[in-house]
Amino acid sequence: MIRIGEKTVQRLLMAAAFSAIGGLLLIALFIFKEGLSFFIETGFRRFLFADVWDPQSGLYGIFPMLVASLWVTLGAMLLGAPLGISVAVFLVEFVPRSVMRVVKPTIELLAGIPSVVYGFIGVMVLAPFIRSTFGGPGLSLLAASFILGVMILPTIISISVDAITAVPASYREGSFALGATRWQTVRMVVLKAARSGIIASVILGMGRAVGETMAVIMVAGNAVKIPHSALDSVRTLTANIALEMGYATGRHREALFATGIVLFVVIMILNTAAGVMVRKRVSGKKG
Amino acid sequence: MRLSPRLTQAFVVSLLGLATAVTLVILIFVIVFILRKGLPAIDMEFLFTKPQDMGRAGGILPTIVASVLLPLIAVAIAAPLGVSTAVYLTEYTRESRVTRLIRFGADCLAGIPSILFGLFGFIFFVTILQMGWSLLSGGLTLALMILPTIIRTTEEAIRAVPNSYREVSTSLGATRFRTTAKVVLPNALPGIVTGIMLGVGRSIGETAAVIFTAGSSLRMPSSIFDSARTMSVHFYILAREGLSSEKAYGTAAVLIISVLAVNMVAYGLMNRFIRKRS
């Protein structure tokens, strides 16, 4: 009696264990199902590299959005990566553990601030500041990059801190014994040992930046054109989906799902890259 | 000219310290700014009455109710699945290609942007399964979104339970299931609750995945098949349409306080759990 129960339990648990990957496959399946035929009919090139998006005339080129997503993400990384890694190094190497134990959770807590709130701050504070200081419409590539750069800080800091903490103390002691200062030790030993973990944190931050939607809609301005300066209004891939999904039908809706496919593929590439980096770190520690 | 190593270190450390200070200032500014502008808008009437005139006047009661119900539905679905997954991975199987596949799936799911969850939820739950814009569609979509967090945190919590506990239980003749249910899970409970609370926090703050699945009806939901507007969605609409900046700030303040409170409980539990274990 008990034995049968055990078997059943194991089967049930195993079934449940496939829920996450099952969910992932379902998401992929339905986004591809809705968008793939459009993607193929329009043609890979015409969809990705045409620069006119005008659903009313049946023109669906996402090149401006592709460029905008790329620039916004790069801008966010330019701010978020150096700042986040600096904070992580400072917290692990140059501050007493008790301070880190307060600061790290505080920063992680802030990861929970909803993206709409960041977007709103962007609209109320950052955009007017950019408008009055640098000119342009304010709601711009620059504003979106800045807000995203701040939003990905908790991700980068939290994962980098873990990576740096995981470097064995003996590495540092060896370096100190050779007469190196703490900073020399960090630069030449610790950062090298923690490299793949730090890179993983940056890639995951990048994934968040590419995928972020609401904050970007609010601050980027959403004009469909290839940006010529950081002060131009831009529309990202995610913003394009969210802005038009509410009323799109027929071909137009399919085009939005096709945009979703592009986004899905980019994110999966980034996820896999981050996964490879994390695994490298784990196997590197063994050797 | 080369700076001495000590001088270089002093210079670098002050730069890194500055970076940390800037980060903290920015993040704290976000909270303080919203609270300073938003708290004055909050009173009993704001919290406990219905919105009027599309949200330009009145309170936000239905959106608070939606922000409570939606995470509850999401957790009711995701918690059993997530905890079962973690139990399977830790107690019922060895590391193998299958477990790696399951973890890979969870990691990828964690990285999927919320707008794609929204697209999926819209086409699958709302349209194909004909649930319409409803709390149920939104809850199911959010459940998928928070599943990886619950799996990951539960797995860590279960791994932190010392093996000797299991050995004692097994030596007393308990089956694997009894050991898991009576010994492992109770000891891992604070960690599990942490994962669930983080999921709740994320659900409350989510907008993109919710707006296309639960819709944005301002009426008080009377069942899980009704469309409802959460605080996040309401705040987004108020801010975007420029309906009322006073109400927008007020909603944002309630939103931030709820999310931070939920996350604080989560991290508080986790810290107590870690301290107990170390």
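The analysis underlying the following values was restricted to heavy atoms, covering all of them including side chains, and did not include hydrogens, waters or symmetry mates. The chains referred to below are lettered A, B, ... by the order of the sequence lines, with proteins before strands, and numbering in each begins at 1.
Looking at A/Ile157, only its side chain comes within 4.5 Å of chain B, counting heavy atoms on both sides. Using a 4.5 Å cut-off between heavy atoms, A/Phe94 contacts chain B through its side chain alone, with no backbone atom that close. Heavy atoms closer than 4.5 Å to chain A are found in the side chain of B/Val259, but not in its backbone. With a 4.5 angstrom heavy-atom cutoff, B/Val12 touches chain A only via side-chain atoms. Using a 4.5 Å cut-off between heavy atoms, A/Ser19 touches chain B through backbone and side chain atoms alike. With a threshold of 4.5 angstrom between heavy atoms, B/Leu15 does not approach chain A through any atom at all. For chain B, the nearby part of A/Arg253 is the side chain; its heavy atoms alone come within less than 4.5 Å. Both the backbone and the side chain of A/Leu24 have a heavy atom closer than 4.5 Å to some heavy atom of chain B. Using a 4.5 Å cut-off between heavy atoms, B/Ile256 touches chain A through its side chain atoms alone. Neither the backbone nor the side chain of A/Leu25 comes within contact range of chain B; no heavy atoms are under 4.5 Å apart. Both the backbone and the side chain of B/Pro5 come within less than 4.5 Å of a heavy atom of chain A. With a threshold of 4.5 angstrom between heavy atoms, A/Ile121 approaches chain B through side-chain atoms but not through N, CA, C or O. With a 4.5 angstrom heavy-atom cutoff, A/Ile27 touches chain B via backbone and side-chain atoms both. Heavy atoms of B/Val233 lying under 4.5 Å from chain A are absent altogether.
Your options are B/Asn263, B/Leu109, B/Ile28, and the one with the most heavy-atom pairs under 4.5 Å with chain A is B/Leu109. Contact tally against chain A (heavy-atom pairs below 4.5 Å) for B/Arg103, B/Arg240, B/Arg176: the top residue is B/Arg176. Note: B/Leu255 leads B/Asp107, B/Leu255, B/Leu198 in heavy-atom pairs under 4.5 Å with chain A. Put simply, of B/Thr180, B/Leu27, B/Ile34, the one with the most heavy-atom pairs under 4.5 Å next to chain A is B/Leu27. Contact count against chain B (heavy-atom pairs under 4.5 Å) is highest for A/Leu263 among A/Leu256, A/Leu263, A/Leu153. No other option in B/Gly105, B/Gly121, B/Gly111, B/Cys108 has as many heavy-atom pairs under 4.5 Å with chain A as B/Cys108. Chain B forms more heavy-atom pairs under 4.5 Å with one residue of A/Met218, A/Gln10, A/Arg187 than with any other, namely A/Gln10. In terms of heavy-atom pairs under 4.5 Å with chain A, the best-connected choice from B/Leu81, B/Leu119, B/Ile102 is B/Leu119.
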N/O donor to acceptor pairs below 3.5 angstrom from side-chain atoms of residues 84-93 of chain A, sequence neighbours left out:
| from | atom 1 | to | atom 2 | distance (Å) |
| --- | --- | --- | --- | --- |
| A/Ser86 | OG | A/Pro82 | O | 2.6 |
| A/Glu93 | OE1 | A/Arg172 | NE | 3.3 |
| A/Glu93 | OE1 | A/Arg182 | NH1 | 2.9 |
| A/Glu93 | OE2 | A/Arg172 | NE | 2.9 |
| A/Glu93 | OE2 | A/Arg172 | NH2 | 2.8 |

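Test A/Val216, A/Ile241, A/Thr259 against B/Ile115 for side chain to side chain contact (heavy atoms under 4.5 Å, CB included) and you get one pass: A/Ile241.
B/Leu144 approaches A/Gly23 most closely through the heavy-atom pair CD2-CA, 3.7 Å. Shortest non-hydrogen contact noted between B/Gly205 and A/Pro114 is O-CB, 3.5 Å. Shown here for B/Ile112 and A/Met268, the closest heavy-atom pair between the two residues is CD1-SD, 4.4 Å. When all heavy atoms of A/Ile21 and B/Leu101 are compared, the closest pair comes out as CD1-O, 3.5 Å. When all heavy atoms of A/Val116 and B/Tyr236 are compared, the closest pair comes out as CG1-CB, 3.7 Å.
Every residue meeting the ring-ring contact (aromatic ring centres under 6.0 Å, His included) condition with A/Phe120, not counting sequence neighbours, appears here in chain and number order: B/Phe235, B/Tyr249. The side-chain hydrogen bond (donor to acceptor under 3.5 Å, both in side chains) test applied to B/Glu156 returns no partner, not counting sequence neighbours.
The backbone N or O of B/Phe177 sits less than 3.5 Å from a side-chain atom of A/Glu6, completing a donor-acceptor pair.
Contact residues of residues 85-96 of chain B toward chain A are B/Thr85, B/Val87, B/Tyr88, B/Tyr92 (heavy-atom distance under 4.5 Å).
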